[in-house]
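From a predicted model like this one, the values you see are computed outputs, not experimental measurements. Numbered from 1 within each chain, the chains take letters A, B, ... in sequence-line order.
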Protein chains: 2
Amino acid sequence: MQEDLFGECPYVTAQKLLTGKWTLLIMHHLSTNTMRFNELQRALPDLTQTTLTKQLRMMEDNGMIIRTAYNQIPPKVEYSLSELGHHFKPVLEALQVWGAEYIGYLKSNKCDNL
Amino acid sequence: MQEDLFGECPYVTAQKLLTGKWTLLIMHHLSTNTMRFNELQRALPDLTQTTLTKQLRMMEDNGMIIRTAYNQIPPKVEYSLSELGHHFKPVLEALQVWGAEYIGYLKSNKCDNL
DNA sequence: CAGCATCCCTCCCGATACTG
DNA sequence: CAGTATCGGGAGGGATGCTG
């Protein structure tokens with residue numbers, strides 16, 4: 001857990017935690033299920049293993065997700081939301097609503113231009 | 001208004017729109033007031049004119065904010081939220097709650113380690 | 001299966017200086 | 001006052017190949 005986000009404005013903190021290009025997507029997928037590494041990869045095909053690994057490490061360090069490794073062959077690793085991660089759900093819901101509205105707005109604009 | 005965010009998942013869209021390092025902070029400040037360029041600069045001292053200008057242009061292109069220029073000497077330019085921008089407020093509120101909780105969580109952890 | 005090591009590269013951001 | 005022009009650095013993201 002890093003400590004340099006200390007004592008800041010909530011928005012500064014939030015911005016730092018969401019900078020990652022994929023954070024939101026990962027949070028979204030984990031908000032409904034615990035998922036294995038491979039499942040996440042399939043859910044997010046535009047992102048390579050390397051990048052996914054880095055993102056997951058970051059989010060684990062930030063305390064947003066929990067990594068559970070089972071010592072077995074073949075390996076099995078599961079990712080789930082932490083307590084803090086679960087409390088992030090309202091943000092996800094608000095973002096989904098807004099994102100959908102934004103897309104709708106773009107579409108209507110495009111139609112207007114035809 | 002760019003068109004390449006078309007037909008995507010709301011989360012992908014949202015992530016793209018929030019990539020900017022300062023987007024959230026600017027949205028927060030504009031959510032309560034219309035502000036002039038200088039006022040924004042003073043409210044966000046860690047960000048240079050160049051960067052602020054670029055961010056504002058991006059957000060204007062995205063349709064999140066509205067730029068109003070008055071043709072006068074000295075120049076006067078005001079920034080405010082667009083319709084879409086106003087609808088972003090629920091996200092801001094959810095983020096504030098969560099950011100505050102996150103900070104509190106960090107603090108309690110730090111105390112545990114002392 | 002779930003990574004790590006390495007290298008690379010782009011784009012974001014910032015510093016500085018100048019303008020209508 | 002509210003910018004633009006130019007240059008540059010660095011971090012985040014990606015491609016490839018290898019491993020327990």
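Side-chain contact between A/F88 and A/L24 is present, with at least one heavy-atom pair separated by less than 4.5 Å. Considering only heavy atoms from C-beta on, B/L40 stays 4.5 Å or farther from B/L47 through its side chain. Looking at A/L52 and A/I26, their side chains come closer than 4.5 Å, going by heavy atoms from C-beta outward. At a threshold of 4.5 Å between non-hydrogen side-chain atoms, the residues B/L81 and B/S31 count as touching. The closest side-chain heavy-atom distance from B/L106 to A/T13 is not below 4.5 Å.
When the C1' atom of C/dC11 is taken as reference, atom NZ of B/K16 falls 15 Å away, rounded to whole Å. If you take CZ of B/R67 and C1' of D/dT4, they are 12 Å apart, rounded to a whole angstrom. Counting to the nearest Å, the P atom of D/dG14 and the CG atom of A/D46 are 9 Å from each other. Rounding to whole angstrom units, CE of residue A/M59 and P of D/dG13 are separated by 12 Å. Rounded to an integer number of Å, the gap from A/L47 CG to C/dA2 P is 15 Å. At whole-Å resolution of the value, CG in B/L52 and C1' in C/dC13 are 13 Å apart. Atom CG of B/L18 is separated from atom P of C/dC12 by 14 Å (rounded to the nearest Å). If you measure from atom CE of A/M58 to atom P of C/dC4, you get 15 Å, rounded to the nearest angstrom.
B/E83 pairs by the side chain to side chain donor-acceptor pair (under 3.5 Å) definition with nothing, not counting sequence neighbours. For B/T51, the side chain to side chain donor-acceptor pair (under 3.5 Å) partners at least two apart in sequence or on another chain are B/T48. Qualifying salt bridge (charged side-chain N to carboxylate O under 4.0 Å, His left out) partners for A/R57, counting only residues two or more places apart in sequence or in other chains: A/E60. For B/T23, there are no side chain to side chain donor-acceptor pair (under 3.5 Å) partners, not counting sequence neighbours. Remark: A/V97 pairs with no residue by the side-chain contact (heavy atoms from CB on, under 4.5 Å) rule, at least two apart or across chains.
Within the structure, the ring pair (Phe, Tyr, Trp, His ring centres under 6.0 Å) test picks out the following pairs touching residues 10-69 of chain B (sequence neighbours left out): A/Y11-B/H28, A/H28-B/Y11.
Residue A/Y79 places at least one side-chain N or O under 4.0 Å from the OP1 or OP2 atom of C/dG3. Within the 4.0 Å cut-off from OP1 or OP2 of C/dC13, at least one side-chain nitrogen or oxygen of B/Q55 is found.
Within residues 19-28 of chain A, no residue is approached by DNA chain C to less than 4.0 Å at the level of any non-hydrogen atom. For the contact set between residues 34-43 of chain A and DNA chain C, defined by any heavy atom under 4.0 Å, the members are A/R36, A/F37, A/N38.
Residues B/M58 and B/M64 are members of separate hydrophobic clusters, defined by side-chain heavy-atom contacts under 4.5 angstrom among Ile, Leu, Val, Met, Phe, Trp and Tyr. The hydrophobic cluster containing B/L44 also contains B/L95, counting ILVMFWY residues as joined when their side-chain heavy atoms lie under 4.5 angstrom apart, directly or transitively. In the hydrophobic clustering of ILVMFWY residues, with side-chain heavy atoms under 4.5 Å counting as a link, B/V12 and A/W98 come out together.
Residue B/Q72 is classed as having no contact, given no heavy-atom separation below 4.0 Å to the nucleic acid. A/T51 comes within 4.0 angstrom of a nucleotide base, judged by non-hydrogen atoms across all strands.
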List the atom pairs, donor and acceptor, that lie under 3.5 Å between side-chain atoms in residues 65-79 of chain B and the rest of the protein, sequence neighbours left out.
unit_1	atom_1	unit_2	atom_2	d
B/Y70	OH	B/E78	OE1	3.1

Atom pairs under 3.5 Å: protein N/O with N/O of nucleotides 18-20 of chain D:
none

Dump the pairs, protein N or O against N or O of nucleotides 5-10 of chain C, anything under 3.5 Å, distances to one decimal.
unit_1	atom_1	unit_2	atom_2	d
C/dA5	N6	A/T50	OG1	3.4

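Shown here for B/P10 and A/A100, the closest heavy-atom pair between the two residues is CB-N, 3.8 Å. Scanning all heavy atoms of the two residues, the minimum distance from A/K21 to A/Q55 falls at N-NE2, 4.1 Å.
Residue-to-nucleotide proximity on DNA chain D shows that, of A/T48 and B/K76, the 5′-proximal contact is made by B/K76.
Each end of the helix from C/dC1-D/dG20 to C/dG20-D/dC1 yields a helix axis from five base pairs, and these two axes differ in direction by 60° (to the nearest 10 degrees).
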